[in-house]
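Both ligands and their constituent atoms are indexed starting at 1 by order of listing.
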Amino acid sequence: MSEKTYKSLLEKITASCRLIAVSKTQSVDKIKDLYNWGQRDFGENKVQELLGKKDQLPSDIRWHMIGNLQRNKVKYLTDFAHLIHSVDSQKLMKEINKEATKSQRKMSVLLQVKIAKEDSKEGMETAELDAILQDFVDDKYPMIEIKGLMGMATFTDDVGLVEKEFAALRSMRDDRITQYPFLQELSMGMSGDFTMAIEQGSTMVRIGSLIFGARDQ
Ligand SMILES: *Cc1c(COP(=O)(O)O)cnc(C)c1O
């Protein structure tokens with residue numbers, strides 16, 4: 001991607017929405033190009049890869065953890081990560097709170113809920129979401145800040161289905177916003193469907209291949 005196409009992508013993303021450049025599998029040099037054009041939010045899905053890149057890049061990058069996160073890796077993130085998008089269990093919440101306490105730094109997270117029809121997609125059911133939200137307001141996670149919800153739509157050409165799934169995530173948030181006013185962010189939309197996600201209220205689009213080209217893995 002050239003600077004010009006990067007700028008035209010930014011124009012398609014409305015002011016209420018932030019672009020997270022998904023840099024997984026991409027080289028440090030490619031990330032530096034985007035950084036030089038002004039991009040500061042980058043997303044990675046593997047902790048080891050993220051740690052390897054971070055030290056070679058400017059410290060004002062905001063790193064987003066977007067992939068499935070194992071509890072034993074949480075300790076590597078709490079010192080510096082800007083936002084963990086993929087929190088999908090109470091166990092993971094407990095671990096993040098524990099490690100954030102050690103790091104003496106509040107950790108911001110999104111709660112990943114299941115919106116896709118297919119079984120393979122991660123994310124929790126609404127019962128677990130509501131249990132976490134209740135525990136959070138009961139102050140069981142004093143070192144965590146919940147910022148909103150994240151969801152991944154079914155991988156399909158059926159745009160109607162994807163639209164429904166994004167709308168469902170938005171309703172999940174809207175239904176809870178009075179009780180839990182901190183649920184401001186909606187992380188949804190990737191290369192193929194970000195325009196629709198923005199129409200459905202996305203505040204963070206996670207875009208990889210459209211920026212960096214197709215990945216090998
Ligand atoms: C890889 C990935 C993306 C970006 O996908 P593209 O289709 O390349 O834009 C977004 N979100 C998550 C969780 C990912 O793992």
K.L.:
Please check if atom CG in Asp138 has more than 12 non-hydrogen atoms from other residues, nucleotides or ligands closer than 6.0 Å.
P.N.:
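For Asp138, atom CG is crowded (more than 12 foreign heavy atoms under 6.0 Å).
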
K.L.:
Note the single closest protein heavy atom to atom 15 (O) of ligand 1, along with its residue, its atom name and the distance in Å.
P.N.:
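Checking every protein heavy atom, the shortest distance to atom 15 (O) of ligand 1 gives Lys24 NZ, 2.7 Å.
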
K.L.:
Any idea which atoms of ligand 1 are less than 4.0 Å away from a heavy-atom of Ile207?
P.N.:
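The list of qualifying atoms is 9 (O).
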
K.L.:
Can you tell me which residue among Phe80, Tyr76, Phe42 is in a side chain to side chain contact (heavy atoms under 4.5 Å, CB included) with Leu50?
P.N.:
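Running side chain to side chain contact (heavy atoms under 4.5 Å, CB included) over Phe80, Tyr76, Phe42 with Leu50 returns exactly one hit, Phe80.
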
K.L.:
Which residue and atom name correspond to the protein heavy atom nearest atom 12 (C) of ligand 1, and how close is it?
P.N.:
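Protein heavy atom at minimum distance: Ile66 CD1, 3.5 Å.
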
K.L.:
Suppose we measure from atom 4 (C) of ligand 1 to each protein heavy atom; which comes out shortest, and what is that distance?
P.N.:
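Heavy-atom neighbour on the protein nearest atom 4 (C) of ligand 1: Arg206 O, 3.6 Å.
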
K.L.:
Measure the spacing between CE of Met150 and CG of Leu111 and express it to the nearest 0.5 Å.
P.N.:
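Met150 CE to Leu111 CG: 11.0 Å, rounded to 0.5 Å.
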
K.L.:
Tyr180 and Phe136: aromatic ring centres closer than 6.0 Å?
P.N.:
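Distance test on ring centres: not under 6.0 Å, no.
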
K.L.:
Would you say ligand 1 has an N or O under 3.5 Å from any N or O of Gly208?
P.N.:
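Right, the criterion is met.
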
K.L.:
Where is the nearest protein heavy atom to atom 10 (C) of ligand 1: which residue, which atom, and how far?
P.N.:
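Residue, atom and distance for the closest contact: Met190 SD, 3.4 Å.
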
K.L.:
So is His85 in contact with ligand 1, going by heavy-atom distances below 4.0 Å?
P.N.:
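No, that is not the case, since the closest heavy atom of the residue is not under 4.0 Å from the ligand.
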
K.L.:
Which residue owns the protein heavy atom closest to atom 7 (O) of ligand 1, what's the atom, and how far is it?
P.N.:
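Going by distance alone, atom 7 (O) of ligand 1 is nearest to Ser209 OG, 3.6 Å.
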
K.L.:
Checking Thr203 against Gln184 for the side chain to side chain donor-acceptor pair (under 3.5 Å) test, could you report, in this order, the C-alpha distance in whole Å, the side-chain angles of both residues, the deciding distance, and whether it holds?
P.N.:
CA-CA 8 Å; Thr203 67; Gln184 291 293 322; over 6 Å; no

K.L.:
Going by distance alone, is a donor N or O of one side chain under 3.5 Å from an acceptor N or O of the other, for Ser2 and Thr5?
P.N.:
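Present: a donor and an acceptor within the cut-off.
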
K.L.:
Give me the residue, atom name and distance of the protein heavy atom closest to atom 9 (O) of ligand 1.
P.N.:
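Looking only at protein heavy atoms, the one closest to atom 9 (O) of ligand 1 is Ser191 OG, 2.5 Å.
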
K.L.:
Would you tell me whether Ser86 and Asn68 have side-chain atoms, one donor and one acceptor, within less than 3.5 Å of each other?
P.N.:
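Asn68 and Ser86 do not have a side-chain donor-acceptor pair below 3.5 Å.
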
